[in-house]
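Here the structure is laid out as structure tokens; the discussion comes afterwards.
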There are 2 protein chains.
Amino acid sequence: MRTLEHPSPENFRLDTILSALADPIRRMIVCRLADGQHKQACLSFGLPVGKSTSTHHFRVLREAGLIEQRYQGTAILNSLRTADLESRFPGLLPAILASARRDSEPVV
Amino acid sequence: MRTLEHPSPENFRLDTILSALADPIRRMIVCRLADGQHKQACLSFGLPVGKSTSTHHFRVLREAGLIEQRYQGTAILNSLRTADLESRFPGLLPAILASARRDSEPVV
DNA sequence: CCCTTTGTACGAACATCATCGTACTACCCG
DNA sequence: CGGGTAGTACGATGATGTTCGTACAAAGGG
């Protein structure tokens, strides 16, 4: 079974995490995962980019520590590393998720 | 008196804010301002970059809505737009500031 | 009025990043 | 084993971003 490298929480870098979340496509992925869309193959997200670009974005998220990727056959099950992020940077992910939802809403 | 353009809170974009804060130098500026170093000239921050690069970073922060810049003679007084940020993206700035402090600490 | 201080404008050099297409690998199912 | 599915590797390309140096502008003090 193939496995993928995941950083441990004490190696999370704010620099890397913010750069990862600065990209709209990667923020879209994280938001979907937060909305309960765990356990979906990468390509089933229907992202508006090609296959290799999709691979690239998921890897950036994994290497930043934001998501966990586990092989299931030829597919990959993705999930948010909510607890690990909370232990290293408490409140960061929830705040960014809430801001992302507010950002896509019509301005009041 | 010279004045500078500042976006209003309803025009703040999460994209722009996260990109701005992804840069370590700009995060350094924001952290210093949060630590009470308001009302200081740009160059007095002693950033490890040249003059024109410094101008560039401060402008990125201003155009993202993160700081306010007001001329005072030939110098510029900088301050964090804490209230405006809180109204548009509640909790975002405090979470990032806390994470930034935690990031620079030795790993426990 | 000259000089200093503070910041800006401009252009160049360099690095990084997002994107793509094509070729390839790994796994599963019949 | 053969075919299909999901993802990776690689190289290229174009856009964006950081950095700098130099020349310039605006404000204030002697």
Side-chain angles (χ1 to χ4, degrees), chain A residues 1-6 13-33 37-79, chain B residues 1-6 13-33 37-79:
Chain A
M1 181 61 79
R2 289 174 289 177
T3 54
L4 293 162
E5 292 273 328
H6 291 79
R13 293 264 126 234
L14 184 58
D15 222 332
T16 316
I17 290 183
L18 289 183
S19 299
L21 291 175
D23 185 275
I25 299 229
R26 289 192 289 261
R27 220 161 44 238
M28 191 183 306
I29 295 172
V30 169
C31 285
R32 299 249 191 106
L33 288 174
Q37 270 191 32
H38 340 133
K39 316 298 176 188
Q40 281 214 348
C42 294
L43 295 180
S44 74
F45 281 70
L47 301 171
V49 291
K51 251 171 49 163
S52 38
T53 306
S54 184
T55 295
H56 164 68
H57 285 306
F58 276 95
R59 177 170 43 208
V60 170
L61 288 174
R62 171 169 46 81
E63 290 176 346
L66 283 158
I67 65 172
E68 193 211 343
Q69 299 195 281
R70 190 196 314 265
Y71 272 102
Q72 179 95 350
T74 64
I76 285 183
L77 301 187
N78 300 280
S79 52
Chain B
M1 180 62 77
R2 289 174 289 176
T3 53
L4 294 162
E5 292 272 328
H6 290 79
R13 295 261 127 236
L14 184 59
D15 222 332
T16 316
I17 290 183
L18 289 184
S19 299
L21 291 176
D23 184 275
I25 299 229
R26 289 193 289 261
R27 219 160 45 238
M28 190 182 308
I29 295 172
V30 169
C31 284
R32 299 249 191 107
L33 288 173
Q37 269 194 33
H38 341 131
K39 315 296 176 191
Q40 280 214 346
C42 294
L43 293 181
S44 74
F45 281 72
L47 300 173
V49 291
K51 253 173 45 165
S52 37
T53 306
S54 184
T55 295
H56 164 68
H57 285 305
F58 277 96
R59 177 168 42 207
V60 171
L61 287 175
R62 172 169 46 83
E63 290 177 347
L66 283 158
I67 65 173
E68 192 211 343
Q69 298 195 282
R70 189 197 314 264
Y71 272 101
Q72 179 94 354
T74 65
I76 285 182
L77 301 186
N78 300 279
S79 51

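This is a predicted model, so every value here is computed, not measured.
In this structure, CG of A/Leu43 is placed 9 Å from C1' of D/dT5, rounded to the nearest angstrom. Following rounding to the nearest Å, B/Leu18 (CG) and D/dT16 (C1') show an atom-to-atom distance of 17 Å. Between the C1' atom of C/dC27 and the CG atom of A/Leu77 lies a distance of 14 Å, rounded to the nearest Å. Rounded to whole Å, the distance from CG on B/Asp15 to C1' on D/dG17 is 14 Å. Note: CD (A/Gln72) to P (C/dC29) measures 11 Å, nearest angstrom. For the pair A/Ile25 CD1 and C/dC17 P, the interatomic distance rounds to 16 Å; values are reported in whole Å. C/dC27 atom P lies 16 Å from atom CZ of A/Arg70, rounded to whole Å. Here the P atom of nucleotide C/dG7 and the CD1 atom of B/Ile76 are 6 Å apart, to the nearest Å.
Nearest-nucleotide positions on DNA chain D place B/Ser19 closer to the 5' end than the other of B/Gly73 and B/Ser19. Comparing A/Asp23 and A/Lys51 against DNA chain C, the residue whose closest nucleotide sits nearer the 5' end is A/Asp23.
The side chain of B/Arg26 contributes an N or O atom lying less than 4.0 Å from OP1 or OP2 of D/dT18.
What you find for A/Arg62 and A/Glu5 is that their closest heavy atoms are NH1-O, 3.1 Å. Minimum heavy-atom separation, B/Leu61 to B/Ala20: CD2-CB, 4.3 Å. Between B/Asp23 and B/His57, the shortest heavy-atom contact is OD1-CE1, 3.7 Å.
Within a 6.0 Å sphere centred on CZ of B/Arg70, heavy atoms belonging to other residues, nucleotides or ligands number 12 at most.
Minimum atom distance to the side chain of A/Thr74 is reached by C/dA26, of the listed C/dT8, C/dA26, C/dT5. With C/dT19, C/dT5, D/dT5 as the candidates, the nucleotide lying closest to the side chain of A/Val49 is C/dT19. When the nucleotides D/dA27, D/dT19, D/dG7 are ranked by their closest atom to the side chain of A/Ala41, D/dG7 comes out on top.
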*Run the numbers on A/Leu4 and A/His6 for side chain to side chain contact (heavy atoms under 4.5 Å, CB included), then give the verdict.*
CA-CA 6 Å; A/Leu4 293 162; A/His6 291 79; 4.0 Å; yes
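Under a 3.5 Å cut-off, the side chain of A/Arg27 and the backbone N or O of A/Leu21 do form a donor-acceptor pair. Counting only distance, with no hydrogens or angles, the side chain of A/Arg2 and the backbone of A/Tyr71 share no donor-acceptor pair below 3.5 Å.
Near-neighbour residues of DNA chain D inside residues 54-62 of chain A, defined by a heavy atom below 4.0 Å, number-ordered: A/Thr55, A/Arg59.
Within 3.5 Å, a donor on the side chain of A/Ser52 pairs with an acceptor on the base of C/dG21, or the reverse.
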